[in-house]
Amino acid sequence: MNALQKNQFLSGQGLASAAKASAVRGGVRPARLVVQAGRIGPGKDWEQRKLTKNGKPVLLDLHVKTGDMVKVIAGSDKGKVGKITKVDRKSGQVVMEGVNIRTKHVKPMGDEEEGQILRTEFPIHHSNVQHYSEAQGVVSRIGHKVEGGKKVRYLKKTGEVLAN
């Protein structure tokens, strides 16, 4: 295809003539649009959020819950200890008290309202935190066991049972 035909093809004009010209001259055929379930928009496969067959995002299994005491083991806030205030199972991120604080500029919504500069906690990935025992001051992985007919979570290093 020459430049004029490419421009016509890209602008949506003369599709039949562009296809005929490519078939006659043995040139490159116009690309077909391929639509697949779960793939919306550009980007790599790993940048896309995984979807169920119903088109809803797959929820991740996380090792932390809201209210757990954890310690940051990686990142700029490494070593800080705090409680988990929010868990997002779609993206695998958690929000902790006093960790990953950033400045957010908020525009005014109405005529009489003023803009603000807020310092808020932003999420970090759940793999960057580990459960923390306040009693003994150590980090630990968690395990599951049955106590009194109920399944409970406990710290493997200390044996301390976590509140569910």
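Below, all heavy atoms of this structure are taken into account, side chains as well, without hydrogens, waters or symmetry copies.
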Could you go through the side chain to side chain contact (heavy atoms under 4.5 Å, CB included) check for Gln130 and Val70 one step at a time?
CA-CA 5 Å; Gln130 194 169 12; Val70 294; over 6 Å; no
Does Glu113 CD have over 12 foreign heavy atoms under 6.0 Å away?
yes
Could you check whether the rings of His126 and His63 sit parallel, tilted or perpendicular, using 30° and 60° as the cut-offs?
tilted
How close do Lys157 and Val138 get, heavy atom to heavy atom, and via which atoms?
CD-CG2, 4.1 Å
Atom pair CD/CD of Gln116 and Glu114 - distance to nearest 0.5 Å:
9.0 Å
Under the side chain to side chain contact (heavy atoms under 4.5 Å, CB included) criterion, do Leu162 and Val152 qualify, and how do the steps go?
CA-CA 7 Å; Leu162 298 173; Val152 295; over 6 Å; no
Here the gap from Leu155 atom CG to His131 atom NE2, rounded to the nearest 0.5 Å, amounts to 7.0 Å
Evaluate side chain to side chain contact (heavy atoms under 4.5 Å, CB included) for Lys83 paired with Thr66, printing each intermediate quantity in order.
CA-CA 8 Å; Lys83 277 196 175 179; Thr66 303; over 6 Å; no
Over all atoms of both residues, closest heavy-atom pair of Leu60 and Lys90:
CD1-O, 4.2 Å
With hydrophobic residues grouped by side-chain heavy-atom distances under 4.5 Å, do Ile84 and Val72 end up in a single group?
yes
Taking the side chain as every heavy atom from C-beta outward, state whether Ser140 and Lys156 have any pair of such atoms under 4.5 Å apart.
yes
Around atom CG of Asn54, are there more than 12 heavy atoms of other residues, nucleotides or ligands at under 6.0 Å?
yes
Please say whether more than 12 non-hydrogen atoms of neighbouring residues, nucleotides or ligands are located less than 6.0 Å from NZ in Lys78.
no
Shortest non-hydrogen pair, Ile73 vs Val129, comes out as CG1-N, 4.1 Å
Between Thr85 (side chain only) and Val95 (backbone N and O only), is there a donor and an acceptor less than 3.5 Å apart?
yes
Single-linkage hydrophobic cluster, 4.5 Å side-chain cutoff, Met69 and Val64 together:
no
Drop me the distance from His105's NE2 to Ile117's CD1, to the nearest 0.5 angstrom.
5.0 Å
Whether the Ser133 and Glu160 side chains hold a donor-acceptor pair (N or O, under 3.5 Å, no angle test) is what I'd like checked.
yes
Under a 4.0 Å N-O cut-off, is there an ion pair linking Asp77 with Lys80?
yes
Which heavy atom in Val139 sits nearest to a heavy atom in Tyr132, and how many Å separate them?
CG1-CD1, 3.9 Å
Using side-chain heavy atoms (C-beta onward) and a distance below 4.5 Å, is His144 in contact with Arg153?
yes
Kindly compute the distance separating CD (Glu97) from CD (Glu121), expressed to the nearest 0.5 Å.
7.0 Å
Heavy-atom closest pair, residues Arg119 and Ile101:
NH2-CG2, 3.7 Å
Atom pair CD (Gln93) and CD1 (Ile124), whose distance is rounded to the nearest 0.5 Å:
9.0 Å
Closest non-hydrogen contact found for Asp88 with Ser91 is OD2-OG, 2.8 Å
Between atom CG of Leu59 and atom NZ of Lys50, what is the distance when rounded to the nearest 0.5 Å?
14.5 Å
